[in-house]
Protein chains: 2
Amino acid sequence: MQITRQTEYAIRTLLELAKVPKGEVLQVKLISDRQSIPVEFLKKTVQLLALAGLVSTRRGTQGGIMLARPAEDITIADIIKAIEGPVAINLCLEPGYVCPNQGTCPVSPVLARAQGAFLRELQRESLADLVKPGSDKASLLVDKGEEKQLG
Amino acid sequence: MQITRQTEYAIRTLLELAKVPKGEVLQVKLISDRQSIPVEFLKKTVQLLALAGLVSTRRGTQGGIMLARPAEDITIADIIKAIEGPVAINLCLEPGYVCPNQGTCPVSPVLARAQGAFLRELQRESLADLVKPGSDKASLLVDKGEEKQLG
DNA sequence: CTATAGTGGATGTAATATATCCACTTTGTC
DNA sequence: GACAAAGTGGATATATTACATCCACTATAG
Ligand code: SF4
Ligand code: SF4
C-alpha cells in the first residue's frame, strides 16, 4: 500500500528534468548527486522511464537524459505506472486476473472506484504544474489533517 | 501499491460476519473453510481485527467471533487500517516521518490529496451496504473500463 | 472432566525491494 | 584514432516483508 522508493526516485528525477529548459539534458550522475539517489540504482530506474517513453537518453560525452514529452503531459500517475506497471490496488483489479468470486463479490467495485478516484486525483496536475512556484501549498495541511481522521 | 492477502482475508471475513444475524458468532474454522483461507493465518488476522475493535471473540465451546460494532459503522478503510496500520501511500505521509524536502516538495501534497480521495471513496459504503443484495453492480464495469485508461 | 475454540509465540519459506558490481556500447572532443 | 564521458544491460547480493505453519496454552460450555 505504498509506492516504492524507486518510484519516488523516478518522480524526483523527472521533477529535476522538468526544471531545466526544454531540450537540455542532465546527467544521471548529476541527478543522483542532487537527489541523493544511489547512482547505479537510478540508472536502472531511468531505463524504465525511457522504456515507458517518459525520458529520452543520449549516450556518450555530453550525453544525459531529458523529458521525452512536454512536462505538461506527464503526471505522477504516469510515473508510477512506468515504474511499477499498471496500478491495481488488489489482485482482482490486475489486468487479466479473474477471481472465482468476481460477479458476486461486492468488494471489487468499491476498490475499483477508490482506485479510480486515486488515479484521477493524481492526473489533475502535471509536472509542469508542480515545478511552477506558488502552487496550492495550503492543501497540504488540509489533506494531512484530513488524513489523520481518515488514515 | 496493493493491499495484502491478509487484508483481503480480513475483508472477506468481516463480510461473512456481516451476513449473519446480529449477535450470532461464527467459528474461525468455518470462515476459513468457506473462504478458503489458511486457518492458522486467519487466526492471526482475526486477532488484529479484535485488537482494532472490529470483531469481538468468545472462547471455548460454542465460541467464535462476531462484529464488535454495527455493520453500518464498518468500512473497508477501517479494515485496511486494522490490518496494515494507518494508510500512507508514501513515506512522507506516515505519521511522524519528516522528509528533508518537505516544505519545498510539491509532490507530497498531491499524494496526500490522492490518498484522501482514495480513503474517502472507501468510506462511502459500509459492510451493511455491501452485504445488501442489489447494489450498484453497474459501477463495476464503469470503473474497470475507466481503470483501463487510467491505470 | 473434556472437547472445543480462541491466544500467543516461534519458526520457516518465498517474494519483493533495494542496491552494488562490472563489462560493454555509443559518442563527442582533442 | 585515442580517449574519456555517459548510458546499457546482466549478474549478484542483502534486507525486508508477505505469507504460512507448528504447537503449547487458556478459557468455557455442557
Ligand atoms: S474476493 Fe472480491 S475483492 Fe477479493 S479478489 Fe475476488 S473479486 Fe476481488
Ligand atoms: S521528496 Fe517530497 S514526496 Fe518524496 S518523501 Fe519527501 S516530501 Fe514526500
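Chain identifiers are assigned alphabetically (A, B, ...) following the order of the sequence lines, protein sequences preceding nucleic acid strands; residue numbering begins at 1 within each chain. Basis for what follows: all heavy atoms, side chains included, without hydrogens, waters or symmetry-related copies.
Using a 4.0 Å heavy-atom criterion, one finds that A:Gly60 contacts the bases of the nucleic acid, with or without backbone contacts as well. Nucleic acid contact class of A:Gln27 (heavy atoms, under 4.0 Å, all strands): sugar-phosphate only.
Between B:Thr4 and D:dT17 there is no side-chain polar atom (N or O) within less than 4.0 angstrom of OP1 or OP2.
The CZ-C1' distance, from B:Phe41 to C:dA10, rounds to 16 Å in whole Å. As rounded to whole Å, 14 Å separates atom C1' of C:dG6 from atom CG of B:Leu49. Across the protein-nucleic acid pair, A:Lys43 atom NZ and C:dT26 atom C1' stand 14 Å apart, rounded to whole Å.
Side chain of A:Tyr9, nearest nucleotide from D:dG7, C:dA19, D:dA20: C:dA19. Between D:dG30, D:dA5, C:dG6, one nucleotide has an atom nearer to the side chain of B:Gln62 than all others, and that is D:dG30.
Between the side chains of B:Thr75 and B:Asp78, at least one donor-acceptor pair of N or O atoms lies under 3.5 Å.
Taking only distance into account, the side chain of B:Arg59 meets the base of D:dT26 through a donor-acceptor pair shorter than 3.5 Å. A donor-acceptor contact under 3.5 Å links the side chain of A:Lys44 to the base of D:dG10. The base of C:dC21 sits within donor-acceptor range of the side chain of A:Glu40, with an N or O pair under 3.5 Å.
Put simply, the side chain of A:Gln102 gets close to the backbone of A:Cys99: a donor and an acceptor are under 3.5 Å apart.
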Audit row: B:Thr104, B:Asn101, side-chain hydrogen bond (donor to acceptor under 3.5 Å, both in side chains) steps and yes/no: CA-CA 6 Å; B:Thr104 63; B:Asn101 302 341; 5.4 Å; no

